[in-house]
Amino acid sequence: MMNDTRPQVVRGYLRELDAALEGVPDPMRRDILDGIAADLAGLDAPAAATRIEQLGDPSAIAAEARTDASDGSTPRPAAVAAASPAASAAVAAASPAASVSAVSPRWYVVVTSLTVAFGGFVVPIAGWVVGIVLMWLSNAWQRWEKWTATLVVVGVPAAVLLIAWLSAVTTRVGAGDTGEVASPIMPFGFSGWHSGILLGMLLPVVVGIWLLWRGLRRG
């Protein structure tokens, strides 16, 4: 049996929610539990505790789910919606009348990840930008994953300029009377421009593969 590595606060909250949802139709109950478990996945104990406070009391979520299950509609009870809009969204996503999937479809995850990885080869720079925008429009990835991918991919041009500038400066400083290049950073003729080009090609591919892996795990 695999050990549950989730923080205790997450395990306890999900147990309380499971018990509170007793009597809710099984498909809706399963969707609510899975949706909130996915929302809490990957969070450490302090972050999970903050998110759980936002989601609200399990009994309030269960009461709202029962209301939706009884009339087949998606209106939010005012008290619950005011206290816990995040939980209301989770119930709405699980309601039978909800028309939008709680998670982006697998094809969208694949297309977005491949665009991040290889879009820049098809349309330089713009291809990567399109991939990043598609990623931010999806709910297949958590916010920290989106920021990680954005900073790595968008940070590449800055790294290119910085490495090239450092290489040019150190080359001028290290050049001897013979005119030979003697860069203390890259003494073998492997310039900052070469490094920048390699980073610009490799990092988006790595990020795209990582996004694909993370997104399909939740799909």
Mind running side chain to side chain contact (heavy atoms under 4.5 Å, CB included) on Thr112 and Leu211 for me, showing each step along the way?
CA-CA 9 Å; Thr112 299; Leu211 288 174; 5.7 Å; no
Would Ser113 and Trp141 count as a side chain to side chain contact (heavy atoms under 4.5 Å, CB included) if you check the C-alpha gap in whole Å, the side-chain angles of each, and the deciding distance to 0.1 Å?
CA-CA 11 Å; Ser113 301; Trp141 297 278; 3.6 Å; yes
Under the side chain to side chain contact (heavy atoms under 4.5 Å, CB included) rule, what do Val122 and Trp128 come out as? Steps first, then yes or no, please.
CA-CA 9 Å; Val122 179; Trp128 290 317; over 6 Å; no
Please report the C-alpha distance between Arg30 and Asp34 in whole Å, then the side-chain angles of each, then the deciding distance to 0.1 Å, and finally whether the salt bridge (Lys or Arg N to Asp or Glu O under 4.0 Å) criterion is met.
CA-CA 6 Å; Arg30 189 74 267 155; Asp34 290 346; 3.3 Å; yes
Evaluation steps, side chain to side chain contact (heavy atoms under 4.5 Å, CB included), between Gln142 and Asp39
CA-CA 8 Å; Gln142 297 180 16; Asp39 191 36; over 6 Å; no
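The shortest non-hydrogen separation linking Ser138 to Tyr108 is CB-CE2, 3.4 Å. Counting all heavy atoms, side chain and backbone alike, Val153 lies closest to Pro204 at CG2-CA, 4.2 Å. The two residues Pro58 and Ala20 come nearest to each other via the heavy atoms O-CB, 3.8 Å. The two atoms that bring Val9 and Ala45 nearest to each other are CG1-O, 4.0 Å, heavy atoms only. Nearest heavy atoms, Glu22 versus Arg66: O-NH2, 2.8 Å. Taking each heavy atom of Ile132 and Val116 in turn, the nearest pair found is N-CG2, 4.0 Å.
Linking Ile, Leu, Val, Met, Phe, Trp and Tyr residues whenever their side-chain heavy atoms come within less than 4.5 Å leaves Val129 and Leu114 in two separate clusters. In this structure, Val130 is not a member of the same hydrophobic cluster as Phe118, with clusters built from ILVMFWY side-chain heavy atoms closer than 4.5 Å. Both Leu212 and Phe121 are members of a single hydrophobic cluster when ILVMFWY side chains are connected at heavy-atom separations under 4.5 Å. The hydrophobic cluster containing Met135 also contains Trp213, counting ILVMFWY residues as joined when their side-chain heavy atoms lie under 4.5 angstrom apart, directly or transitively. A single hydrophobic cluster is seen to contain both Val152 and Trp144, as judged by linkage of ILVMFWY side chains at heavy-atom distances under 4.5 Å, directly or through other members.
Separating the CG atom in Asp18 from the CZ atom in Arg15 is a distance of 10.0 Å, to the nearest 0.5 Å. Between the CG atom in Leu40 and the OH atom in Tyr13 there is a gap of 7.5 Å [rounded to 0.5 Å]. With rounding to the nearest 0.5 angstrom, the CZ atom of Arg51 is 5.0 Å from the CD atom of Gln54. Between the CG atom of Asp44 and the OG1 atom of Thr50 there is a distance of 9.0 Å, given to the nearest 0.5 Å. Expressed to the nearest 0.5 Å, how far NZ of Lys146 lies from CG of Leu137 amounts to 8.0 Å. Taking CZ from Arg214 and CD from Glu145, the interatomic distance works out to 4.0 Å, rounded to the nearest 0.5 Å.
Side-chain polar atoms of Thr150 and Trp136 form a donor-acceptor pair below 3.5 angstrom.
No side-chain heavy atom of Asp57 sits under 4.5 Å from any side-chain heavy atom of Ile61.
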